[in-house]
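To start, the structure under review is shown below, and the notes come after it.
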Amino acid sequence: MSQPPGLSFPTSLGTSTADQIRLLGQDLTAGLMGQVSFGELAFWLVALRRPTPAESRVFEAVLVALADHGFTPTAIAARLTYLSAPDSLQGALAAGLLGGGSRFLGVTEDCGRYLHEVLERHEGGRPADEAGWDALALRAVRETKAAGRFVPGLGHPVHKVTDPRTPVLIRIAEEEGVLGPHLRLFQAIGRTHEQVLGRRLPLNGAGVCGAALADLGLPVELLRGFALLARAAGLLGQIAEERRRPIGMDMYMTVDRNAVYVDPQAPDQT
């Protein structure tokens, strides 16, 4: 179909003709299919540049780190939605993705954005040594506490001492030479926050993923999207397992059969 005169919708992403599909300026079938991984393509679609091998390794590690963590609220939501509507796979996936917020998955963006803002406010060049990073982190944590807010990326409901993903992702970034200012600041927060908060908390995996993605130059406003991209694969796995070995009905019945009516005027006993 020819383009009507006067209409133009510019895009740097995908276009199609009767006999060709082009994506990112490349012939999809000749230049991309079988030539790039899905992770590389996801990075490229957002950054509008192909990642280097070093960036790809870190980016893929982030996607793997965020894909699935067991029976999290996002997984439970997907399974129970699939129980209710097995004819709507897309509904089950969407239900799980909609649960990505400030407590689960959204921390990736929250942490990346927090670190980015701290670095943007910092006057002068980047700290030259560990002591300089520690001083910057200490000031940031103090300001955050004084404002009555939490430092995103600190603490985990299961991993109380160390989140096993954090040191591994930092090591990979270091090996690939892409350990940048966001990860360095995040490490410094891990070393110094106890002086302000009075207790030691682990640097969680979602937070370190946000720091790593920000160091790759990806827009901090879109980092939650990468967490959701990774979790979509995990949710599809959860739904596939629900088909093979269903537990959704047990989840539902366990809650429903143990529901106890309480007088809304009665004092709260919790």
L24 and L48, any side-chain heavy atoms less than 4.5 Å apart: yes
What's the shortest heavy-atom distance between L93 and A232, and which atoms? CD2-O, 3.8 Å
Nearest 0.5 angstrom please: L136 CG to R184 CZ, how far? 13.0 Å
Same cluster for L229 and L236 if Ile/Leu/Val/Met/Phe/Trp/Tyr side chains link at under 4.5 Å? no
Please check this pair: side chain of N204 against backbone of G153, looking for a donor-acceptor N/O pair closer than 3.5 Å. yes
Is a side-chain N or O of H193 found less than 3.5 angstrom from the main chain of I189, in a donor-acceptor match? yes
Are any non-hydrogen side-chain atoms of I21 and T29 less than 4.5 angstrom apart? no
Any donor-acceptor pair under 3.5 Å linking the side chain of R22 with the backbone of G25? yes
Any R191 side-chain heavy atom under 4.5 Å of E130 side chain: yes
Are the side chains of R139 and R121 in touch, meaning some heavy atoms are under 4.5 Å apart? no
Just by modelled atom types, is the P164 backbone N or O under 3.5 Å from a matching donor or acceptor in the H159 side chain? no
Any donor-acceptor N/O pair, T108 side chain to A227 backbone, under 3.5 Å: no
May I ask whether V107 and F186 are part of the same hydrophobic cluster, defined by side-chain heavy atoms of I, L, V, M, F, W, Y residues being less than 4.5 angstrom apart, directly or through others? no
Any donor and acceptor pair, going by atom type alone, linking the side chain of T72 with main-chain N or O of D68 inside 3.5 Å? no
With side chains defined as the heavy atoms from C-beta onward, is the minimum distance between L83 and M251 less than 4.5 Å? no
Got a second to check how far C209's SG is from F226's CZ, nearest 0.5 Å? 12.0 Å
Hey, does E109 have a side-chain heavy atom less than 4.5 Å from the side chain of V220? no
Would a distance-only check, ignoring hydrogens and angles, find a side-chain to backbone donor-acceptor pair under 3.5 Å from Q238 to R79? no
Which of parallel (below 30°), tilted (30 to 60°) and perpendicular (above 60°) describes F59 and F43? perpendicular
Measuring only between side-chain heavy atoms, which start at C-beta, is V151 closer than 4.5 Å to V141? yes
Side chains of L115 and L183 in contact at under 4.5 Å (non-hydrogen atoms): no
Tell me whether R50 contacts the main-chain N or O of W44 through its side chain, where contact means a donor paired with an acceptor under 3.5 Å. no
Do the side chain of D215 and the main chain of H182 share a donor and acceptor less than 3.5 angstrom apart? yes
Do I76 and L97 share a hydrophobic cluster, counting only Ile, Leu, Val, Met, Phe, Trp and Tyr and linking them when any side-chain heavy atoms are less than 4.5 Å apart? no
Do the side chain of D110 and the main chain of P152 share a donor and acceptor less than 3.5 angstrom apart? no
